Amino acid sequence: MSQIEIRKGDSFEAAMRRFKKQIEQEGILREVRDRKHYEKPSERKRRKAKGRR
């Protein structure tokens, strides 16, 4: 689970930017988007062969 420490004097916007950056680095958003819709195994193979991942 991703979490950040809010520093003293830190604004909400700065903390939110750090949180979004951390989630992007961990690949959580990509995984959520990938799991949003079912993907058949043949489609997954085709996508991987194409080089997306």
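Along the sequence shown, residues carry numbers from 1. Every value quoted in this text rests on a predicted model; they were computed, and no experiment measured them.
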- Task: Among Ile28, Val32, Asp34, find the one that has a side chain to side chain contact (heavy atoms under 4.5 Å, CB included) with Arg30.
- Result: Asp34
- Any Lys50 side-chain heavy atom under 4.5 Å of Arg47 side chain: no
- Could you work out the complete set of other residues in the hydrophobic cluster of Met16, with links drawn between I, L, V, M, F, W and Y side chains under 4.5 Å apart? Phe12
- Message: Restricting to salt bridge (charged side-chain N to carboxylate O under 4.0 Å, His left out), what partner residues turn up for Arg35, sequence neighbours left out?
- Response: Glu31
- Could you pull out all residues at least two apart from Lys36 that satisfy side chain to side chain contact (heavy atoms under 4.5 Å, CB included)? none
- Which distance, rounded to the nearest 0.5 Å, do you find between the CZ of Arg46 and the NZ of Lys40? 7.5 Å
- Message: Is it true that, when you exclude Glu5 itself, more than 12 heavy atoms of the residues, nucleotides or ligands shown sit nearer than 6.0 Å to its CD?
- Response: no
- Item | Residues which pass side chain to side chain contact (heavy atoms under 4.5 Å, CB included) with Gln3, listed by chain and number, not counting sequence neighbours | none
- Message: Test: salt bridge (Lys or Arg N to Asp or Glu O under 4.0 Å). Region: residues 13-28. Which pairs qualify, not counting sequence neighbours?
- Response: Asp10-Arg18
- Got a sec: does the CD1 of Ile6 have more than 12 other heavy atoms crowding it under 6.0 Å? no
